[in-house]
Trainee: 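Here it is, the structure in full.
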Amino acid sequence: MTPEQAVTPKPAVEPEQAEQPGRADLAAWWDDRPTNFYDASPNLARVLDRWAGPAAREKIEPALRDFGAAVATVVEPSVVVREAHRELPAHVPFDGIGRRIERIEFHPAYETAGRAIWASGMLAGGGDQPSPFELTALFYLLSHCGEGGHACPVVCTAGAIRALEHRGDTALQERFLPGLHQRDYGSSLRASQFLTEVQGGSDVGANAARAVADPDSAGAWRISGEKWFCSVADADLFVVTARPDGAPDGTRGLGCFAVPRTLDGSTPNGFRIRRLKDKLGTRALASAEIDFDDALGWPIGPIDRGFHVAVEELLNTSRWLNAVGSTGIMRRAYLEASAFARHRQAFGRPVGSFPLVRAQLARMKAEEYAALSSTMALAGLVARTDDGRADEREAGAHRFLVNANKYLTSICATDVARRGIEVLGGNGTIEDFSPLPRLYRDAMVYESWEGTHNVLSAQVLRDCARYGILDHTLGWVHAELERAGTFGPDTATVEAALNATASRLWRSVDAAATGGPDAAPHVRRQLEAFMRAVQAACLLTEVAAEGGGSDKAAATALFVRQHVTPGYEPEDDLEWAGLVEGTLAGDAG
Ligand SMILES: Cc1cc2nc3c(=O)[nH]c(=O)nc-3n(C[C@H](O)[C@H](O)[C@H](O)COP(=O)(O)OP(=O)(O)OC[C@H]3O[C@@H](n4cnc5c(N)ncnc54)[C@H](O)[C@@H]3O)c2cc1C
């Protein structure tokens with residue numbers, strides 16, 4: 001061989017490449033990916049029928065179908081472009097002639113996705129304002145892309161809208177709501193919420209940021225201090241907690257302020273961005289550390305009720321939607337993994353034909369069905385609370401689920417994404433092979449923000465002791481089961497599990513009522529067990545409404561055995577294999 005022959009470049013595309021069957025299988029898998037996430041998840045319509053009613057579902061269906069297509073064909077490709085090319089947000093502190101601007105710059109694909117998301121009407125106002133069911137369904141579809149850089153801005157904006165609508169004075173409402181409700185991304189206002197400081201995220205009562213009344217402007221305050229985790233650092237409106245001088249220590253002394261990014265359209269309103277954080281997940285989202293120095297702001301609601309506003313309007317919104325986001329991540333992980341398993345061959349068979357893989361897929365699907373069920377039930381409670389129809393029991397169940405459901409669904413999302421990665425094998429760990437690594441990293445962040453598991457558990461304990469919401473939740477879920485009617489032997493199992501797990505959780509409530517949360521070290525296990533029974537009950541009511549005989553009936557039976565039936569051992573269960581097959585039916589998985 002001559003030296004010239006040795007260096008002859010190979011053609012860019014290997015001729016044999018097209019014939020490699022493994023690659024052709026992978027190409028077929030990619031070609032098989034959904035182009036509309038609404039059509040790819042028929043269970044969403046069924047869940048809406050159960051909790052919102054068929055008429056409400058029919059009304060919003062065209063918007064969901066349009067958005068399902070937009071997420072698959074516009075939002076997802078834009079997220080891929082940004083993450084694959086590491087085109088993450090950039091902090092631009094100064095303009096070219098040295099003036100401080102504190103801008104965040106994004107890849108153009110980010111704006112493309114934003115336009116499609118805002119056009120969905122997720123944040124629209126007036127007669128177009130989405131119901132909690134519609135917002136849940138739209139946000140579920142969006143979350144098929146993970147956080148995607150826009151989910152957090154949507155949630156923060158939705159929270160700010162609720163805070164202003166429910167607690168803001170007329171001047172604040174007139175100033176900010178029209179922009180926050182805009183469907184046009186280019187002219188919309190986006191909001192953020194800054195509570196966390198470096199000395200503690202969980203311990204919000206330790207907030208040190210200060211507020212002093214502005215001597216020059218009646219009703220306005222000057223905010224100073226450092227905020228440590230500031231997502232949507234590009235927002236037009238920051239909602240910030242700060243302590244007025246002389247206010248009590250702890251959460252009782254906090255005010256909640258609307259702080260515009262700029263007062264004149266360009267100059268930063270008394271803030272400087274220290275840096276953007278380099279994060280494990282939610283990477284396309286701009287999360288910063290920010291110093292405030294005499295930023296001008298206005299209180300949302302009474303100044304001494306700031307923490308209530310932050311919890312009841314902002315955090316309750318973001319915890320509900322965090323659960324929706326986790327559920328969307330689970331569904332996408334299942335769609336990816338089940339389609340892969342249909343196409344990928346090993347040992348001369350599709351990997352989806354191996355019983356061990358089928359068991360994994362069935363578990364993923366059942367987990368997602370359960371998460372969507374409890375989360376849509378929560379959306380129903382949000383709707384009834386919003387329009388004043390919720391009775392005491394429903395209001396208590398809402399308060400309970402908003403925290404407990406966030407906790408459970410966020411753990412399940414990480415678990416389901418991890419199982420999806422396992423189905424894809426080593427390829428599952430490769431960033432541009434599938435979205436699963438990104439979904440897994442985002443799910444991990446969802447576990448912490450909006451309240452860690454321990455903090456949410458402690459909150460549930462406090463609320464149960466103070467407001468009796470465990471009994472309210474128990475009463476609500478029993479009533480839902482009763483209304484749905486008995487559906488096979490699982491109903492009795494779930495009824496019994498609800499009572500048994502509630503009484504175990506009561507032990508922690510009682511212990512914490514006297515000794516504080518430190519006296520309840522088993523609360524998480526107990527809370528999870530109770531929530532599994534709640535999810536099983538929600539699923540059973542759906543199965544009853546649908547008349548049984550579906551993949552959901554099998555998934556529910558599997559779920560009840562796995563999570564609710566005491567001492568269940570699948571190897572002793574002669575029906576187990578049939579339930580796995582029944583769960584996967586309809587997906588040809
Ligand atoms: C990517 C990202 C973006 C974020 N964006 C925002 C934002 O925009 N605005 C905002 O305000 N915050 C934001 N956060 C902050 C988030 O809300 C906090 O991380 C969270 O509240 C936890 O606070 P921490 O990180 O300080 O944890 P810590 O409070 O330091 O807790 C550390 C550990 O101790 C445990 N712990 C704490 N207290 C107790 C207790 N009493 N009992 C038992 N265990 C306890 C926690 O569960 C946790 O496991 C963001 C976080 C992330 C990761």
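Atoms within each ligand, like the ligands themselves, are counted from 1 in listed order. On a predicted model such as this, the values are computed, not experimentally measured, just so you know. Numbers here simply count residues along the sequence, with the first being 1.
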Trainee: Which residue holds the protein heavy atom closest to atom 25 (O) of ligand 1, what is that atom called, and what is the gap in Å?
Mentor: Phe229 CE1, 4.3 Å
Trainee: If you draw a 6.0 Å radius around CZ in Arg272, do more than 12 non-hydrogen atoms from other residues or ligands fall strictly inside?
Mentor: no
Trainee: Quick check: do Pro77 and Val81 have side-chain heavy atoms less than 4.5 Å from each other?
Mentor: no
Trainee: Check whether any side-chain heavy atom of Ser41 lies under 4.5 Å from a side-chain heavy atom of Leu335, and answer yes or no.
Mentor: yes
Trainee: With respect to Arg319, which candidate in Thr409, Asn405, Asn403 satisfies the side-chain hydrogen bond (donor to acceptor under 3.5 Å, both in side chains) definition?
Mentor: Asn403
Trainee: Please list, in number order, the atoms of ligand 1 under 4.0 Å from a heavy atom of Glu450.
Mentor: 17 (O)
Trainee: Salt bridge check: are Glu197 and Lys227 linked by an N-O gap of less than 4.0 Å?
Mentor: yes
Trainee: When you measure from atom 39 (C) of ligand 1 to every protein heavy atom, which one gives the shortest distance, and what is it?
Mentor: Val455 CG2, 4.5 Å
Trainee: Roughly how far, to the nearest 0.5 Å, is the CG atom of Leu498 from the CZ atom of Phe530?
Mentor: 6.0 Å
Trainee: How are the rings of Phe238 and Phe271 set relative to one another: parallel (under 30°), tilted (30 to 60°) or perpendicular (over 60°)?
Mentor: perpendicular
Trainee: Just jot down the ligand 1 atoms closer than 4.0 angstrom to any heavy atom of Lys279, in number order.
Mentor: 1 (C)
Trainee: Do me a favour and list the nearest non-hydrogen protein atom to atom 22 (C) of ligand 1 with residue, atom name and distance?
Mentor: Thr452 CG2, 3.7 Å
Trainee: What's the shortest distance from atom 18 (C) of ligand 1 to any protein heavy atom, and which residue and atom give it?
Mentor: Thr196 OG1, 4.2 Å
Trainee: Look at atom 14 (N) of ligand 1 and say whether a protein heavy atom is found at less than 4.0 angstrom from it.
Mentor: yes
Trainee: Please determine if Glu289 and Arg275 form a salt bridge, counting it only when a charged side-chain N lies under 4.0 Å from a carboxylate O.
Mentor: yes
Trainee: Within the protein, is there a heavy atom lying under 4.0 Å from atom 52 (C) of ligand 1?
Mentor: yes
Trainee: Among all protein heavy atoms in this structure, tell me which lies nearest to atom 8 (O) of ligand 1, with the distance rounded to 0.1 Å.
Mentor: Ser231 N, 2.8 Å
Trainee: Tell me: protein heavy atom nearest atom 44 (N) of ligand 1, and distance?
Mentor: Asn454 ND2, 3.1 Å
Trainee: May I ask you to list the atoms of ligand 1 that are less than 4.0 angstrom from any heavy atom of Val445?
Mentor: 1 (C)
Trainee: In terms of atom number and element, which parts of ligand 1 are under 4.0 angstrom from non-hydrogen atoms of Leu195?
Mentor: 10 (C), 11 (O)
Trainee: Under the 4.0 Å line, does any protein heavy atom show up next to atom 41 (N) of ligand 1?
Mentor: no
Trainee: So which protein heavy atom does atom 9 (N) of ligand 1 come closest to, and at what separation?
Mentor: Gln193 O, 2.8 Å
Trainee: Tell me, yes or no, whether the heavy-atom count around His166 atom NE2, taken from other residues, nucleotides or ligands under 6.0 Å, exceeds 12.
Mentor: yes
Trainee: Students should be able to answer this: which protein heavy-atom is nearest to atom 29 (O) of ligand 1, and at what distance?
Mentor: Ser202 OG, 2.6 Å
Trainee: Does some non-hydrogen atom of the protein lie less than 4.0 angstrom from atom 47 (O) of ligand 1?
Mentor: yes
Trainee: Can a donor-acceptor pair be found, under 3.5 Å and without considering hydrogens, that links the side chain of Gln182 to the backbone of Ser187?
Mentor: no
Trainee: For His453, is the nearest heavy atom under 4.0 Å from an atom of ligand 1?
Mentor: no
Trainee: Return yes if a side-chain donor-acceptor contact under 3.5 Å exists between Glu336 and His144, otherwise no.
Mentor: no
Trainee: Below 3.5 Å, N or O to N or O, backbone or side chain included: is there any such pair between Ser287 and ligand 1?
Mentor: no
Trainee: Among Ile104, Leu285, Leu88, which residue meets the side chain to side chain contact (heavy atoms under 4.5 Å, CB included) test with Leu276?
Mentor: Ile104
Trainee: Looking at atom 3 (C) of ligand 1, tell me if a protein heavy atom falls under 4.0 Å from it.
Mentor: yes
Trainee: Check each atom of ligand 1 against the heavy atoms of Ser448 and keep those under 4.0 Å away; list them by number with element.
Mentor: 20 (C)
Trainee: Numbering the atoms of ligand 1 from 1, which are under 4.0 Å from a heavy atom of Gly201?
Mentor: 21 (O), 23 (O), 24 (P), 26 (O), 29 (O)
Trainee: Does the protein put a heavy atom less than 4.0 Å from atom 32 (C) of ligand 1?
Mentor: no
Trainee: Between Trp118 and Tyr185, how do the two ring planes meet: parallel, tilted or perpendicular, split at 30° and 60°?
Mentor: perpendicular
